[in-house]
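Lettering follows sequence order; numbering is per chain, from 1. All figures in this text were calculated on a predicted structure; none of them were measured in a lab.
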Number of protein chains: 2
Amino acid sequence: MLASAVRSPRKPRGHGGERRQEILDAALALYAERGVQGVSTREIAAAVGISQPALYGHFRSLNALQVEVCAQAFVDLRRRQAAQVDAEGPTRDSFLRACRTYIDFGLEQPDAYRVAFMLEKPAADPDAHEDKVLAAGLEAFGDFRRRIERLAAAGLTRPGDLTLLTQSIWAGLHGLVSLLIARPDFPWVERETLIARHLEMLADGLLSDGGLSPHR
Amino acid sequence: MLASAVRSPRKPRGHGGERRQEILDAALALYAERGVQGVSTREIAAAVGISQPALYGHFRSLNALQVEVCAQAFVDLRRRQAAQVDAEGPTRDSFLRACRTYIDFGLEQPDAYRVAFMLEKPAADPDAHEDKVLAAGLEAFGDFRRRIERLAAAGLTRPGDLTLLTQSIWAGLHGLVSLLIARPDFPWVERETLIARHLEMLADGLLSDGGLSPHR
DNA sequence: CGCATAACCTATCAGTGATAACTTATCACT
DNA sequence: AGTGATAAGTTATCACTGATAGGTTATGCG
C-alpha cells in the first residue's frame, strides 16, 4: 500500500530461487489480508522490496504466480492429511477426520483454496493454469481416493464405483467449504454444528450401515 | 471485440430503462461467451452500440451491473422452481426434481451462478454487492427451505433443525454445481451418473428411511 | 417557440499486467 | 588483478482497464 522505497539487496548469483520464495511468501500474506483479486503486482513487488517488472524474471505471469501460491498450499494440505492418517486404520472416524482436515484447510487458507477450486481459469495463458493446478488437484484427489479404497478393502463402503463415490463426497465437502468462504455473511447456523452434521451426511452416503459406528 | 462503430439511436425521454435492459442482455450474452472476468465495459458498450461511459448512467459500477445480471438469473431460477413443483405434493421424487432444477440452472447459466455464489466480493463498493445478491440468494434459499418444510410437515424428513438440514443440502448441491463449473476439465465420471448418485445421497441424508421410496 | 433535462458524448484519469531495453553486481577463469 | 559472461534487477513505456468531469444534443412539455 505505502510506497515503501526500501529495496532488498540483490541476491547472489545462483540464489534467485530465494527471491522467488520471498515473492511467494509476500503474495500469500497479501492474499490472506485482502484477497486474491485485490492485490496487484506492484504491491507484491513493494512488499518484497524489488521493482514490479522484476517479478517477471521469476514468474511468467501473475496467473503463474497465483498458481504457484496455490500449489504450495496443496503441498501443505497433502502433508497434513498424510501425517494424520498413516498411523490409523480405515475407520469411519478416521474418514471423518480426513474430511475435517480438508474443510479446515479451506477455511484457514481461503485464498489458496479459491485459486485452486473457485477461480475462473483465464482465457489467455491457457496452459500454465491447468498444468499445475489441475495436477496438484489430481494428486490431492488421488490421496483422497486411496483413503476411500482402503475403506472399501475393509468392506466398509456401500457398493458402487469408487471413483464415482469419491467425486460425490469431494463435491459435498467442497460445497460447504466454498460457500462458507464465498458468502461469509450469509445467516449460517452455528458453524461447528453445520460442519458436523454435513460430515455425518457424507459419511452415511459413503459407508455401509453395518453396525460399526452408527451416529444415531 | 471488433470496433463495431454502429451506434444505437438515442432513446426517447422516459425510456432509459430499455437501454438498461439492452445492456443487461448484452452483458449476459458476452459473459456466456467468454466468462465474467474476460469482458470489459468497453466491449459491453460496443455490443449495445453506445459509448463506454454511457454505461455509468445506468449502473453505478461494473460490479453493480454484474450483480444485476445475476439478480435477473435468480428470478429465472425461482420462476422455474416455482412453476415446477407447486402442483406436486411433497414427495421424495419432487424433492429430487427440485434439486435437479437447481443443478441444471447452474450448469446452464454458469456465469450468473458464478456471480451469485463463487465470486469474491470486492473490497470497494461494499454495499451494492451484499444488498442485492445476498437478498436474491436469501429469497432462493427461502423457497428451498419452504419446500423442505412441506416435506417435514408430511413427516418425511429425519429429525433435526430444518435450517441446519437445508443449509447442509444446499451446500451439497452447490458443491457439485460449482466444481463442474470451475473445473470442467477434471476427469469426471459420466455427468448424469454423478448427478444422480449425488442427489440420491443428499436425499438419503435429508429424508427418513421410511419404506416410502428406497432407491436400493 | 423556448428551455429543462434525460441521454449521451469526448477527453482524460490513475492504476493494471506486461514487455523492451538497458544497467549492475557477481562469479569463474586466466 | 583484470576480463567477460550472465544472473538479477532497473527505468521507461505499452495497451488496456474501470471510472470521472464536463460539455453536447436531442427530446418532449408548456
Side-chain angles (χ1 to χ4, degrees), chain A residues 1-23 26-27 30-31 34-69 119-120 122-125 128-129, chain B residues 1-3 5-23 26-27 30-31 34-68 119-120 122-125 128-129:
Chain A
M1 196 67 91
L2 51 144
S4 160
V6 201
R7 281 293 152 101
S8 168
R10 179 194 287 246
K11 292 291 175 188
R13 251 325 161 75
H15 302 65
E18 296 173 15
R19 186 49 43 89
R20 182 186 166 90
Q21 191 57 48
E22 288 178 20
I23 296 171
L30 286 170
Y31 289 164
R34 301 204 299 285
V36 182
Q37 307 291 336
V39 176
S40 71
T41 53
R42 282 163 178 82
E43 288 175 297
I44 298 172
V48 177
I50 57 178
S51 73
Q52 177 255 353
L55 294 179
Y56 291 83
H58 300 276
F59 303 92
R60 282 188 313 177
S61 67
L62 173 62
N63 185 45
L65 197 166
Q66 293 170 341
V67 162
E68 208 78 22
V69 170
L119 233 57
E120 194 162 5
D125 196 14
H129 191 68
Chain B
M1 196 66 89
L2 51 144
V6 200
R7 280 292 153 102
S8 169
R10 179 193 287 244
K11 291 291 174 187
R13 250 328 161 74
H15 302 66
E18 296 172 15
R19 187 46 46 91
R20 183 186 165 89
Q21 191 57 49
E22 288 178 19
I23 296 172
L30 285 171
Y31 289 165
R34 300 204 300 284
V36 182
Q37 307 291 336
V39 176
S40 71
T41 54
R42 282 161 179 84
E43 288 175 297
I44 297 172
V48 176
I50 57 179
S51 72
Q52 177 255 353
L55 294 178
Y56 291 83
H58 301 275
F59 303 92
R60 281 188 315 175
S61 66
L62 173 62
N63 186 46
L65 197 166
Q66 293 170 342
V67 161
E68 209 78 22
L119 232 58
E120 194 163 4
D125 195 14
H129 191 69

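Rounding to whole angstrom units, CD of residue Gln52(A) and P of dG17(C) are separated by 7 Å. The OH-C1' distance, from Tyr56(B) to dC13(C), rounds to 13 Å in whole Å. One can place CZ of Phe59(B) at 15 Å from C1' of dC8(C), the figure rounded to the nearest angstrom. Distance, Arg34(A) CZ to dT16(C) P: 10 Å, rounded to whole Å. Rounded to whole angstrom, the span from the CD1 atom of Ile44(B) across to the C1' atom of dA19(D) amounts to 14 Å. Rounded to whole angstrom, the span from the CD atom of Gln37(A) across to the P atom of dG17(C) amounts to 10 Å. In this structure, CZ of Arg60(A) is placed 15 Å from C1' of dG17(C), rounded to the nearest angstrom. Between the CG atom of Leu62(A) and the P atom of dG17(C) there is a distance of 6 Å, given to the nearest Å.
Side-chain contact between Glu18(B) and His15(B): present, with at least one pair of heavy atoms (C-beta onward) separated by less than 4.5 Å. The shortest distance between side-chain heavy atoms of Ile23(B) and Ile50(B) falls below 4.5 Å. Using a 4.5 Å heavy-atom threshold, the side chains of Tyr56(B) and Leu65(B) count as separate. Using a 4.5 Å heavy-atom cutoff, the side chains of Ser51(B) and Arg7(B) are in contact.
Of the candidates dG9(D), dT10(D), dA19(D), dT10(D) carries the atom nearest the Pro53(A) side chain, counting heavy atoms from C-beta on. Checking dT11(D), dC27(C), dA21(D) against the side-chain heavy atoms of Pro12(A) singles out dC27(C) as nearest.
Between Arg19(B) and the phosphate of dC8(C), there is a side-chain N or O to OP1/OP2 separation shorter than 4.0 Å. Put simply, His15(B) has no side-chain N or O that comes within less than 4.0 Å of OP1 or OP2 on dA6(C). In terms of phosphate contacts, Arg7(B) brings no side-chain nitrogen or oxygen within less than 4.0 Å of OP1 or OP2 of dC8(C).
Consecutive Watson-Crick or G-U pairs involving DNA chain C, each under 3.5 Å on both distances, make up stems of three or more pairs at C:1-30 with D:1-30.
A salt bridge is defined here as a Lys NZ or Arg NE, NH1 or NH2 lying under 4.0 Å from an Asp or Glu carboxylate O, and Glu22(A) with Lys11(A) meets this definition.
Across all strands, Ala54(B) comes closer than 4.0 Å only to sugar-phosphate atoms, never to a base (heavy-atom distances). Val48(A) comes within 4.0 angstrom of no nucleic acid atom, judged by non-hydrogen atoms across all strands. Residue Ser40(A) is in sugar-phosphate contact alone, with no base atom involved, counting any heavy-atom pair closer than 4.0 Å across all strands shown.
With hydrogens and angles left out, the side chain of Arg42(B) and the base of dG18(D) share a donor-acceptor pair within 3.5 Å.
A search for side-chain hydrogen bond (donor to acceptor under 3.5 Å, both in side chains) contacts involving Gln52(B) returns Thr41(B), not counting sequence neighbours.
Of all non-hydrogen atoms in Arg60(B) and Ala64(B), the two that sit nearest each other are N-CB, 4.2 Å.
Side-chain contact of Ser8(B) with Arg19(B): a donor-acceptor pair under 3.5 Å is present, judged by distance alone.
A residue-by-residue look at Arg10(B) and Thr41(B) shows that Thr41(B) has its nearest nucleotide of DNA chain D further toward the 5' end.
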